[in-house]
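Notes to accompany the following structure.
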Amino acid sequence: MSKYTVDKNGYYGPFGGAYIPEMLYPNVEELRKNYLSIIEDKTFKNDFHQLLKDYVGRPSPLYFAKRLSEKYQTNIFLKREDLNHTGAHKINNTIGQILLAERLGKKRIIAETGAGQHGVATATVCALKGMECVVYMGEVDIKRQAPNVARMKMMGATVIPATSGSRTLKDATNEALRDWINHPLDTHYIIGSVVGPHPYPDMVARFQSVISQETRTQLFTHTKKEFPDYAIACVGGGSNASGMFYHFLDDPEVKLIAVEAAGLGTDTEKTAATTKLGKEGVLHGSRSLLMQSPDGQVIEPYSISAGLDYPGIGPQHAWLFKSERALYAQATDEEAMQAAKLLTQLEGIIPAIESAHALAYLEKQTWKKEETLVICLSGRGDKDLDNYMKYFDL
Ligand SMILES: *Cc1c(COP(=O)(O)O)cnc(C)c1O
């Protein structure tokens with residue numbers, strides 16, 4: 001058993017657990033009792049991998065980025081999650097959870113979404129399976145993310161605005177939890193990252209672990225080695241990073257690097273750099289690191305990339321940070337945008353701005369000619385074109 005994955009009580013070192021209201025206990029307990037036996041079942045595995053193959057388009061390629069490698073005088077491979085159906089890694093998790101919901105006999109799916117990416121990935125698998133889908137989204141985010149709202153509606157989902165508080169992600173999360181309390185029997189709540197009460201962080205990491213599982217085989221084909229010197233990923237809640245790290249956690253020769261969004265800088269209030277500025281506390285049902293004011297109020301995070309402006313990180317990441325198994329770095333808006341431009345012009349790949357934070361780490365260290373780096377390209381940049389147009393005056 002790895003000391004970096006969840007223990008039998010639902011913890012990663014001091015982090016994790018299930019800090020939930022009494023009324024949610026039956027829902028979470030049903031999941032906790034059943035998730036491992038379901039996802040380790042042979043027919044579940046077959047169904048999961050069949051859909052990943054035929055519907056999502058996996059395995060996603062591991063691409064040797066030749067011109068980018070020349071620029072940094074090293075060997076850079078990109079794990080191409082941007083080529084997945086719906087454009088990012090999030091679909092790996094929603095496919096897994098919809099199959100699990102089916103096995104649990106659920107008829108209705110709820111989700112919360114901030115930027116709308118997880119809402120779209122959820123609405124997609126609900127259409128695929130003909131399940132009712134209700135997505136909670138802050139009223140402010142609904143206005144900011146109109147194309148994703150349209151995608152969800154086109155796929156038959158109901159999008160319900162959260163109108164309380166700051167009318168953003170955390171209010172949508174509260175509404176989703178309230179819904180789940182009121183529908184304990186027929187409804188499954190699909191959480192979109194490695195956050196929330198146990199068993200969600202472990203369950204989502206297992207579904208996303210296909211990223212590093214494929215990487216090992218593919219890297220061997222390219223280099224005759226299964227292990228890179230570095231595995232690098234961006235972190236919002238931490239699901240693509242957890243997936244990229246999963247099958248390397250117990251191999252200390254693989255250095256793990258997670259890149260948070262520094263926004264306008266970690267010395268400003270416009271940032272989402274949780275490990276740099278966060279403190280221990282409870283957020284969305286688990287103990288982790290989160291950004292909070294001295295009196296314990298959760299601070300609204302900021303990043304140019306909507307997918308990274310989450311005020312915490314999942315409990316496994318808090319543990320990887322505290323135990324120093326992984327290095328947590330930060331990239332500003334400007335650094336990420338320049339990295340996105342560089343990748344586009346050297347390789348003809350427009351990355352999601354989230355993923356560009358991982359690419360920005362290339363500037364932060366000197367690399368050796370013989371080293372091998374794998375960077376998780378978590379998503380494609382089509383959704384960010386408006387941002388790129390404004391930023392670069394295109
Ligand atoms: C949502 C998203 C992220 C951040 O989420 P994690 O759970 O940290 O992976 C990163 N990249 C893309 C493309 C996303 O859509």
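For ligands, and for the atoms within them, numbers begin at 1 and follow the listed sequence. Computed from a prediction, not measured in an experiment: that's the story for all the values here.
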Part of Ala352 with heavy atoms under 4.0 Å of ligand 1, whether side chain, backbone, both or neither
side chain
contact_flag His89 ligand 1 heavy-atom lt 4.0 Å
yes
side-chain hydrogen bond (donor to acceptor under 3.5 Å, both in side chains) between Gln316 and Thr5, intermediate numbers included
CA-CA 7 Å; Gln316 183 184 34; Thr5 50; over 6 Å; no
Return a yes/no value for Ser378: is any of its N or O atoms, backbone included, closer than 3.5 angstrom to an N or O of ligand 1?
yes
What residue and atom, counting heavy atoms only, is the protein's closest point to atom 2 (C) of ligand 1, and at what distance?
Lys90 NZ, 2.4 Å
Would you say the side chain of Tyr302 lies within less than 4.5 Å of the side chain of Leu264, judging by non-hydrogen atoms?
yes
Would you say Gly237 and ligand 1 have an N/O pair spaced under 3.5 Å apart?
yes
Which heavy atom of the protein is the closest neighbour of atom 6 (P) of ligand 1, given with residue, atom name and distance?
Ser239 N, 3.3 Å
Is the closest side-chain donor-acceptor distance between Ser166 and Asp171 under 3.5 Å?
yes
Could you identify the single nearest non-hydrogen protein atom to atom 4 (C) of ligand 1 and state the distance to 0.1 Å?
Gly307 O, 3.4 Å
Check each of Gly314, Gly236, Ser193, Cys376 against atom 7 (O) of ligand 1 and report the one with the nearest heavy atom.
Ser193
Under 4.0 Å from any heavy atom of Val235, which atoms of ligand 1 are there?
8 (O)
Quick note on ligand 1: atoms under 4.0 Å from a heavy atom of Cys234 include exactly 10 (C)
How are the rings of His284 and Tyr310 set to each other: parallel, tilted or perpendicular (split at 30° and 60°)?
tilted
Would you say NZ of Lys276 has more than 12 non-hydrogen atoms from neighbouring residues, nucleotides or ligands within 6.0 angstrom?
no
I'd like to know if the side chain of Thr74 and the backbone of Lys368 have a donor-acceptor N/O pair within less than 3.5 Å.
yes
Please list, in number order, the atoms of ligand 1 under 4.0 Å from a heavy atom of Gly379.
13 (C)
Are any of the N/O atoms on Asn240, whether in the backbone or the side chain, positioned under 3.5 angstrom from an N/O atom of ligand 1?
yes
Could you tell me whether Glu324 atom CD has more than 12 heavy atoms of other residues or ligands within 6.0 Å of it?
no
Both conditions, 6.0 Å and 45 degrees, for the charged tip of Lys390 above the ring of Phe392: are they met here?
no
